[in-house]
Amino acid sequence: MTNTTAAETAPAPAPERVRVFDTTLRDGEQAPGFSMSRVQKLRIAHALAELGVDVIEAGFPQASEGDFAAVRTIAGEVRGPVVCGLARAQFGDIDAVARATEHAQRARIHVFLATSPIHRRHKLGMSREQVIDTGVKAVRRARELCDDVEFSAEDAIRTEPEFLIQVLSAMIAAGATTVNVPDTVGYTTPDEIGALFARLKREVHGFDGVILSAHCHNDLGLGVANSLAAVAAGARQVECTIGGIGERAGNAALEEIVMALRTRSDRYALETGIRTALLYPTARLLADVTGATIARNKAIVGENAFAHESGIHQHGMLRHRETYEIMRPEDVGFSRTQLVLGKHSGRHALRERLAHLGHALDETRLDGVFARFKALADKKREVFDSDLDALALDLDPEAIGPWRLQHLHATTHLGNGASASVKLQHQDGRVCAEAALGDGPVHAVFRAIARAAGLVLEVDDFQVRSLSNGADAQGRAALSVRHEGRMVHGRGVSTDIVEAAAQAALEVVNRIERLSPGQPLLLAANHA
Ligand code: KIV
Ligand code: ZN
């Protein structure tokens, strides 16, 4: 018989929780190419709630009427996570967040103020004392309006550590319930941020009941590594975005932090509330809403993340999965099957399969998808999961209009270019027909659509990719166009790749028009 001690038989303590603060709709959305309408933001916010994030940063209400409206809608409709709005350390901003989040189940006001010498001198023109005074007044004001107040010391990483300790201690005394330490410019390294967080835990006053948070940008590609180092040193909230979208090189990617904590629980012994099987569907939804494609090799949610191509790897995988796989694809929602439905499949089977893929559609949307599914199943015998994803995600009413494609004809003249003619109808009643020549049919179609919409498109990138197997596979076209310094994306899906390209161009002109409705739009150079 072996002797066991009480410590050996006692149940292991429950792992501590790291809160996931998602800022896809604020820090992520402000990056070029990721802007979203209010309806699109609401759709993402519902998906984030389903995913299990603790906090949704829904926007910056004082920044624009659109941002205010989006935060207000999300606060009024999304249940589960805390809904948070960003504010500068100014009463007007703080009051705007309070108004925008008044109907939230649980609201948070997130006040930020820069603390680093470079920001104090060149941006704020404030002394250290003025920074503390301004921050304290702002946090006190926020606490009068809301019980849950986060303070962020912008550019904390380049702030003198002893001053940062003073600032955070003052903000906690003023009522902040979370203090966030952003690496605003993505400058730190894991060992540096780890040491800083450990010091903050030791030296900041009044931490009892207050959450220490990390917010890491990815300029050196270290956003996730730095967030994990901060967590290992005591952070209990991580600020991150789906797919790592965000300013410049982006923010730390939510799915990477979550799966690192889960896969390496032997090292972190911490848990999150994320339903990891929804990571892939959520990333796909974001990609579809913004039109920005996910890189194939993106960790966790890229198409190649679980693909084993080399013979040696495949052999190892067949013998024992864990030889080359540290996570199971189904753990992140990659539960793909091959052939699923065909033209004899009914509405019930479609609904079941869509639900399995993470698309919970109401009856009206299901009707629309079912009609398009039947049309597709008539064209191609086998309808794959990827086809169904495309059908379900392409029904966003905001992505349709103001222009609709009424007619499209394209011809290739072997060795002599191509020509295309299109007819577009605007929702204000205008009908514009145009024809154009091009190097190939896609080029000619882009030109004809751009002319009909009164634009010259500067194409930055265009790609077509097969969604499944076989000569009748649907092609997904992804088009990126530069417009007034912003990147605008469009995509289209069809068994006809010229039609898919036309849909992508149409989405681009629609997005541009929605960005600046009613304005004559001229984009120069590199003409499509
Ligand atoms: O990167 C940053 O400093 C921010 C703050 C507003 C939190 O996004
Ligand atoms: Zn940021």
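For ligands, and for the atoms within them, numbers begin at 1 and follow the listed sequence. Because the structure is a prediction, the values reported are computed rather than measured.
Using cut-offs of 30° and 60° for the angle between ring planes, the His489 and Phe34 rings count as tilted.
Within the structure, salt bridge (Lys or Arg N to Asp or Glu O under 4.0 Å) contacts touching residues 242-251 (residues at least two apart or in different chains) are Asp219-Arg248.
Thr241 and Asn251 form no side-chain donor-acceptor contact under 3.5 Å, judged by distance and modelled atom types alone.
Each protein N/O/S atom under 2.8 Å from the Zn ion (ligand 2) was counted, for a total of 3.
Salt bridge absent: Asp155 and Arg120 never bring a charged side-chain N and a carboxylate O closer than 4.0 Å.
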### Query
Should Asn180 and Glu239 be marked as a side chain to side chain donor-acceptor pair (under 3.5 Å) after you check the CA-CA gap, both sets of side-chain angles, and the distance that decides it?
CA-CA 9 Å; Asn180 183 37; Glu239 302 199 352; 3.1 Å; yes
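Looking at residues two or more places apart in sequence or on another chain, you find no side-chain hydrogen bond (donor to acceptor under 3.5 Å, both in side chains) involving Lys201.
Two residues are said to be in side-chain contact when any heavy atoms from C-beta on lie closer than 4.5 Å; Met36 and Arg43 fail this criterion.
Ring-centre distance between Phe446 and Phe462: below the 6.0 Å cut-off.
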N/O contact list for ligand 1, threshold under 3.5 Å:
unit_1: ligand 1; atom_1: 1 (O); unit_2: His215; atom_2: NE2; d: 3.1
unit_1: ligand 1; atom_1: 1 (O); unit_2: His217; atom_2: NE2; d: 3.0
unit_1: ligand 1; atom_1: 3 (O); unit_2: Thr184; atom_2: OG1; d: 2.6
unit_1: ligand 1; atom_1: 8 (O); unit_2: Arg26; atom_2: NH1; d: 3.4
unit_1: ligand 1; atom_1: 8 (O); unit_2: Arg26; atom_2: NH2; d: 2.9
unit_1: ligand 1; atom_1: 8 (O); unit_2: Asp27; atom_2: OD2; d: 3.1
unit_1: ligand 1; atom_1: 8 (O); unit_2: His215; atom_2: NE2; d: 3.1

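Judged by the 6.0 Å and 45° rule, Arg26 forms no cation-pi pair with Phe60.
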